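One structure below.
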Amino acid sequence: MRSPASTMSYLELLKLALPEVIVVISALVVLAIGLTGRQRTAVAGVSSAKPPTKAAGTAAAATDWCSLAAALGVGIAIAAVLMLPRNASLFSGMLVITPLTSLFKIICLVLAFFTVCLARSEKSLRHPGEYLTIILLATVGLMLLVGSEELLMIFIGLELLGLSLYVMAAFDKTDVRSAEAGLKYFLFGSTSSAFTLFGISLIYGMSGSTGLAAISEKLVAAPAQPLLATGIIMTLIGFAFKIAAAPFHLWAPDAYQGAPIPSAAFIASGSKVASFVVLGKIVLVGFGPVHGSSAWHAMAAGWSPILAALAALSILIGNLVALAQTNVRRLLAYSAVAHAGYTLLGLVAGGRDGFSATLFYATVYAITLVGAFGVVAVVRSETGGDDVKNFSGLAARAPLLAGCMAIFMFSLAGIPPLAGFFGKFYLFSAALRAGGDHGLLWLVGLALFGSFVSLYYYLIVLKAIFVDQPSASAPPRDHVSSDLLQRRAVAALAGIVLLLGIMPDILAARILAAMS
Amino acid sequence: MQPVATTFFFYFLSAVTVISGIAVITRRNPVHSALALIVALLGQAGLYLMLYAPFVAGVQIILYAGGIMVLFLFVIMLVNIERAQKEEQFNKQWIVGIVAALALGVLFVLVYMKGKGLFPQTVAQLPEGENTQGIAMLLYRDYMFAFEIASLLLLVAIIGAVVMAKKRI
């Protein structure tokens, strides 16, 4: 009714949304396989109570089939993304296809693939079918977030992702900590998304549109007014929650520590990457005209000082609190807060350089963190815990994993030949160039200080792995339990981090090219 | 069609809504509260009708006053009411509550007095007959994609609720 573009055929929609459709179908298939597997085990358990090994065997087989179907679905979806047209837009921006969105859909799918790998090895999950289904539906949420330039669709994507992640965090019903993680994540998440929805409604009320491009056109004409500021701040709150930036990070330590490990890895990786993509699109495209300035000599109102404040707080709080942690997952959570701060630098700097630096760093960080959580999963299944002391002597027990963990930790700290270094380098140089006359120097200085501090706590983990002897009180169990797939996935992720460190251009140049 | 006695019906329906809303939180018997809530929701539906929004009014009656309230009543009848009635109904945070209510009230008055230019003043022109058709056009054509994705959201919610809530499945 409004535009000729909206009278399109359903077939065309199906064609352009094919990757999402494939992931949804594979989610339903996985659910069905999980259901039939359960019924068979239930029948076997009832009819012949004697051989429980057989029931366990069928359950394991069902898990395998579920994982296989999920992985297959993700693989086909990647192929479908590759076959999409270069540029297309549907429903006035609800589904946008550009090289950039296609690239990040693939990245999200790859992260989902590795999460499925981790989930297959997680023995404590009692309902693998449902778990994998929810991972896949969360992946659909990620893809929608990445591929939309319309606030309504973005909000629905956020909710789809959020709801899936709440369930994933609380999935392990045998563990109190998992319930705590789920509840905290849910309470914080639902409150912050309420704020975001209110902010979006204020902005819609002012601009009369939910499309980002249309909002930007309206904002050029509209003067800065309190209603706009309220709308922008409230909209940003939901995203600050999703990326765990500092005043909104309180859920992160408990969620990272208590949630099942694949869930924690997914929360830390896929959710973050997609949130940064969509946050960048909202502030740079939608709110572009009210950029403001956060240079120390020329502060001006806009969203950029807000993000700069969030970044500074995150870097300080994240790094300083991480120093005091004894649990590796909590340590990773606080370091995640700090990394959210670094990543925001690129958005504060703005422009193509800044945005691409942010996206590169978010991607590298996500890959690194999935790998680190993979190592944590192995250590946890071997020693029954994930404190720093559980890692002691890992180098002797599993040299490959120890080496991978060293790569991940050094990459997070930003040591030169690894991907994390180039990510930080791009971010800091983009921030230095932006904001005229080194205006963002204060933020870059703070980030450098934070990086030095962070080296200390990453090295504590590595010291436990390579130097400390395992305490006699906790003898390592047989390490047959960690299976081959998990180790291979971790090694592959470490390989990616190394490769991106040696040749960062294969991703960075691609992101830059996709943006032009 | 020109509406009759708009002002009278507006204040009448508002009064019904507010009074039954107060009854919801002051009745000790949860069944009475639930019944009062139904009256409040019906009053709201009447207000929607006065705004020429028959679809929203119908949904309000069918979904909220009908479906959800029946569920509420079922739940109330399943839990142990005798014990719930004896329990103290208000928690001890009434000071915090009063402060928050006052702050909100002051904000409301301030916005009402000073915020004349804050919101656009134009009055929406409402087509009289095509309201429901308009919603259908928006829902199934312009916003079809979002509508379909919302169904995925419900799927996640169902799976999550079953996995979380069932003791053993």
Side-chain angles (χ1 to χ4, degrees), chain A residues 1-3 5-8 10 13 16-17 20-21 23-24 27-28 31 38 42 90-92 94-95 126-127 129-131 133-134 137-138 140-141 144 148 150 152-157 159-168 170-171 173 179 182 186 202 205-206 208 210 225-227 230, chain B residues 51 55-56 96 100 103-104 106-127 129-169:
Chain A
M1 201 190 309
R2 290 185 309 185
S3 63
S6 65
T7 57
M8 37 72 64
Y10 293 142
L13 171 65
L16 293 181
E20 285 88 350
V21 172
V23 178
V24 171
L28 297 178
L31 193 62
R38 287 207 63 73
L90 273 186
F91 294 116
S92 54
M94 281 198 189
L95 183 67
R126 279 174 54 219
H127 308 296
E130 286 82 350
Y131 190 71
T133 305
I134 291 179
L137 290 174
V140 177
L144 292 170
S148 173
E150 216 262 354
L152 182 74
M153 199 61 222
I154 287 174
F155 183 75
I156 295 181
E159 282 302 288
L160 181 59
L161 176 64
L163 213 57
S164 316
L165 292 183
Y166 307 146
V167 178
M168 279 169 70
F171 209 89
K173 289 210 290 187
F186 171 67
L202 287 179
M206 285 186 49
T210 49
Q225 38 180 309
L227 194 62
T230 319
Chain B
L51 291 169
F55 180 75
V56 184
V96 181
L104 268 180
V106 168
L107 188 69
F108 184 75
V109 170
L110 269 183
V111 169
Y112 185 77
M113 308 252 293
K114 304 228 166 160
K116 285 275 190 281
L118 210 54
F119 292 96
Q121 294 287 313
T122 46
V123 176
Q125 293 296 319
L126 298 162
E130 295 173 354
N131 188 291
T132 310
Q133 287 95 319
I135 289 175
M137 281 297 178
L138 284 177
L139 209 53
Y140 292 102
R141 204 163 71 185
D142 293 358
Y143 288 93
M144 206 233 347
F145 192 50
F147 181 74
E148 297 294 339
I149 299 303
S151 68
L152 286 185
L153 198 64
L154 292 180
L155 178 65
V156 171
I158 293 171
I159 297 174
V162 172
V163 171
M164 291 291 106
K166 274 205 69 131
K167 268 219 177 79
R168 46 183 311 265
I169 45 173

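Within every chain, numbering begins at 1; the chains are lettered A, B, ... in the order of the sequence lines, protein sequences first and strands thereafter. As the structure is a computational prediction, the values presented were derived from the model and not from experiment.
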* So what's closer than 4.5 Å to chain B heavy atoms on A:L16: side chain, backbone, both or neither? -> neither
* To do: Check whether A:A27 gets within reach of chain B through its side chain, its backbone, both or neither, counting any heavy atom under 4.5 Å.
  => neither
* **A:S148 side-chain N/O to A:M94 backbone N/O, donor-acceptor pair under 3.5 Å** => yes
* Asked: What option among B:I149, B:L155, B:L154, B:I159 has the most heavy-atom pairs under 4.5 Å with chain A?
  -> B:I149
* To do: Report, as yes or no, whether the 6.0 Å neighbourhood of atom CZ on B:F145 holds more than 12 heavy atoms from other residues, nucleotides or ligands.
  => yes
* By a 4.5 Å heavy-atom criterion (distance strictly below it), what part of A:L144 contacts chain B: side chain, backbone, both, or neither? -> side chain
* **chain B contact via A:L160 - side chain, backbone, both or neither, heavy atoms under 4.5 Å** => both
* Kindly compute the distance separating CG (B:L138) from CD (B:Q133), expressed to the nearest 0.5 Å. => 12.0 Å
* To do: Please confirm whether the backbone N or O of B:V163 pairs with a side-chain atom of A:K173, one donor and one acceptor, at under 3.5 Å?
  => yes
* **Set of ring-ring contact (aromatic ring centres under 6.0 Å, His included) partners for B:F147, sequence neighbours left out** => B:Y140
* Asked: Pick from A:L31, A:T133, A:I156: which one has the most heavy-atom pairs with chain B under 4.5 Å?
  -> A:I156
* A:T210 versus chain B, heavy atoms under 4.5 Å apart: side chain, backbone, both or neither? -> side chain
* Asked: Given a strict heavy-atom distance threshold of 4.5 Å, which part of A:L137 is in contact with chain B: side chain, backbone, both, or neither?
  -> side chain
* Toward chain B, the part of A:F155 with a non-hydrogen atom under 4.5 Å -> neither
* To do: Please flag which part of A:E20 lies under 4.5 Å from any non-hydrogen atom of chain B: side chain, backbone, both or neither.
  => neither
* Side chain proximity check, A:E150 to B:Y143, heavy atoms < 4.5 angstrom -> yes
* Asked: So how far is it from A:I154 CD1 to A:E159 CD, rounded to the nearest 0.5 Å?
  -> 13.0 Å
